Amino acid sequence: MNDKVREITEGLQHFNGTEIFHQIPLTRTRFTDGLKYLANVAGCFWLITDASVIAKSLKDKSYFITIDFRRLSEKERVEKGCEAIIVYSDGNDTVLESHGYQFADFPLDELRLFFVDDTLMLPSEY
C-alpha cells in the first residue's frame with residue numbers, strides 16, 4: 001500500500017456522520033464531509049459527479065442505492081475492456097446498473113458509497 005492510499009484510507013476512518021452537507025450545483029445532490037475530504041485528497045470530483053448523476057437516474061428503482069467502485073484485475077481488464085467498474089445496486093444484491101471506465105485515476109482499488117435522499121455518503125456516515 002503506497003503512502004497516498006494509506007493517507008486516504010486512514011483519513012476516511014474519521015468520518016461518522018457529517019457536520020455540513022455540500023452540494024453539486026449541476027445535480028443538486030448533497031454530499032457529506034467524508035466525500036468532500038475524499039474529493040480533495042484523491043482528486044475524484046469526477047467520481048462523485050458520475051455517481052450522483054447515475055444514482056439520481058435510478059431513484060425510481062430503489063430508495064437506497066449502493067455504489068461500488070472496483071479496479072479490475074489484469075485478467076478482468078482484458079475480458080471486460082476497461083480498467084475499473086462502478087456497480088449500482090439496491091443494497092440487496094440486485095444490480096441496477098454498472099458502468100465500465102477505460103481509465104480511472106482514483107487511487108483506491110475499491111470504494112463503497114451510499115445514495116439516499118439525494119445525498120451521497122460514505123457507509124460510516126449513514
Side-chain angles (χ1 to χ4, degrees):
M1 181 182 300
N2 70 35
D3 290 340
K4 185 69 166 178
V5 170
R6 187 179 343 276
E7 173 192 350
I8 293 168
T9 303
E10 289 174 2
L12 290 176
Q13 293 175 9
H14 297 284
F15 293 97
N16 296 303
T18 194
E19 291 184 21
I20 299 171
F21 286 102
H22 309 275
Q23 190 174 68
I24 301 168
L26 177 67
T27 62
R28 296 192 176 288
T29 300
R30 292 179 307 239
F31 61 99
T32 58
D33 290 335
L35 286 184
K36 176 77 170 172
Y37 164 82
L38 181 65
N40 286 330
V41 299
C44 66
F45 288 98
W46 66 268
L47 177 62
I48 293 169
T49 303
D50 280 11
S52 167
V53 169
I54 302 301
K56 276 184 145 332
S57 76
L58 298 171
K59 286 189 336 184
D60 62 330
K61 295 182 180 179
S62 180
Y63 171 78
F64 180 87
I65 298 171
T66 61
I67 301 160
D68 292 297
F69 170 91
R70 185 171 65 88
R71 186 170 319 283
L72 301 176
S73 69
E74 285 298 323
K75 181 180 177 187
E76 289 173 311
R77 288 178 192 179
V78 171
E79 291 171 0
K80 297 181 188 279
C82 58
E83 181 179 338
I85 192 164
I86 298 180
V87 176
Y88 299 82
S89 71
D90 66 358
N92 291 316
D93 296 327
T94 301
V95 173
L96 304 172
E97 201 164 314
S98 64
H99 292 263
Y101 289 79
Q102 298 297 322
F103 174 76
D105 62 355
F106 186 60
L108 303 180
D109 288 336
E110 57 186 27
L111 176 72
R112 172 168 271 194
L113 303 175
F114 291 162
F115 180 82
V116 63
D117 287 332
D118 283 332
T119 305
L120 272 172
M121 65 194 78
L122 299 168
S124 62
E125 295 175 304
Y126 180 66

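Count residues from 1 along the sequence. Since the structure is predicted, the reported quantities are computational estimates derived from the model, not experimental observations.
In this structure Ser98 satisfies the side chain to side chain donor-acceptor pair (under 3.5 Å) test with no other residue, sequence neighbours excluded. With sequence neighbours excluded, the residues forming a side chain to side chain donor-acceptor pair (under 3.5 Å) with Glu97 are His99, listed by chain and number. Listed by chain and residue number, nothing satisfies the salt bridge (Lys or Arg N to Asp or Glu O under 4.0 Å) test with Glu10 (two or more places apart in sequence, or in another chain). By the ring-ring contact (aromatic ring centres under 6.0 Å, His included) test, Phe64 is found to be paired with Phe114, Tyr126, residues two or more places apart in sequence or in another chain being considered. Qualifying side chain to side chain contact (heavy atoms under 4.5 Å, CB included) partners for Lys4, counting only residues two or more places apart in sequence or in other chains: Asn2, Glu7, Ile8, Val41. By the side chain to side chain donor-acceptor pair (under 3.5 Å) test, Thr66 is found to be paired with Ser89, residues two or more places apart in sequence or in another chain being considered. For Phe31, the ring-ring contact (aromatic ring centres under 6.0 Å, His included) partners two or more places apart in sequence, or in a different chain, are His22.
When the side chains of ILVMFWY residues are joined at heavy-atom separations under 4.5 Å, either directly or via intervening members, Leu12 and Leu47 end up in a single hydrophobic cluster. Both Leu58 and Ile48 are assigned to one and the same hydrophobic cluster, defined by single-linkage of ILVMFWY side chains at heavy-atom distances under 4.5 Å. Cluster annotation: Phe15 and Val5 are assigned to the same hydrophobic cluster (Ile/Leu/Val/Met/Phe/Trp/Tyr, side-chain heavy-atom contacts under 4.5 Å, transitive).
Pairing each heavy atom of Ile85 with each of Leu72, the nearest pair is CG2-CD2, 3.8 Å. Summarising the geometry of Asn92 relative to Asp90, their closest heavy-atom pair is N-OD1, 2.7 Å, with the distance given to 0.1 Å. For the pair Ala55 and Tyr88, the tightest heavy-atom approach, listed with the atom from each and the gap, is N-CE2, 4.2 Å. When all heavy atoms of Ser57 and Ile54 are compared, the closest pair comes out as OG-O, 2.6 Å. Listed here is the closest heavy atom pair of Ala104 and Ala84: CB-CB, 3.9 Å. Considering all non-hydrogen atoms of both residues, Val53 and Thr27 come closest at CG2-CG2, 3.7 Å.
Using a 4.5 Å heavy-atom threshold, the side chains of Arg70 and Glu76 count as touching. Residues Phe45 and Leu35 have side chains not in contact (no heavy-atom distance under 4.5 Å, counting atoms from C-beta outward). With a 4.5 Å cut-off on side-chain heavy atoms, Ile86 and Asp68 do not count as touching. In this structure, Arg112 and Leu122 have side chains that are not in contact, with every pair of non-hydrogen atoms separated by 4.5 Å or more. Counting heavy atoms from C-beta outward, Thr18 and Thr119 have side chains that stay 4.5 Å or more apart. The shortest distance between side-chain heavy atoms of Leu120 and Ile67 falls below 4.5 Å. A heavy-atom distance below 4.5 Å is not found between the side chains of Phe69 and Leu108.
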Carefully, step by step, assess Ile65 and Leu96 under the rule side-chain contact (heavy atoms from CB on, under 4.5 Å). CA-CA 9 Å; Ile65 298 171; Leu96 304 172; 4.2 Å; yes
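Legend: side chain to side chain donor-acceptor pair (under 3.5 Å) pairs involving residues 78-87, not counting sequence neighbours, sorted by first then second residue: Arg71-Glu83. Every pair passing side chain to side chain donor-acceptor pair (under 3.5 Å) that includes a residue from residues 38-50 is listed here, sequence neighbours excluded: Trp46-Asp105, Asp50-Tyr101. Here salt bridge (Lys or Arg N to Asp or Glu O under 4.0 Å) pairs that include residues 24-37, with residues two or more places apart or in two chains, number zero. For residues 113-126, the salt bridge (Lys or Arg N to Asp or Glu O under 4.0 Å) pairs, not counting sequence neighbours, are Lys56-Asp118, Lys59-Asp118.
Other residues, nucleotides and ligands contribute over 12 non-hydrogen atoms within 6.0 Å of the CG atom of Asp60.
Other cluster members for Phe21: none, since no ILVMFWY side-chain heavy atom sits under 4.5 Å from it.
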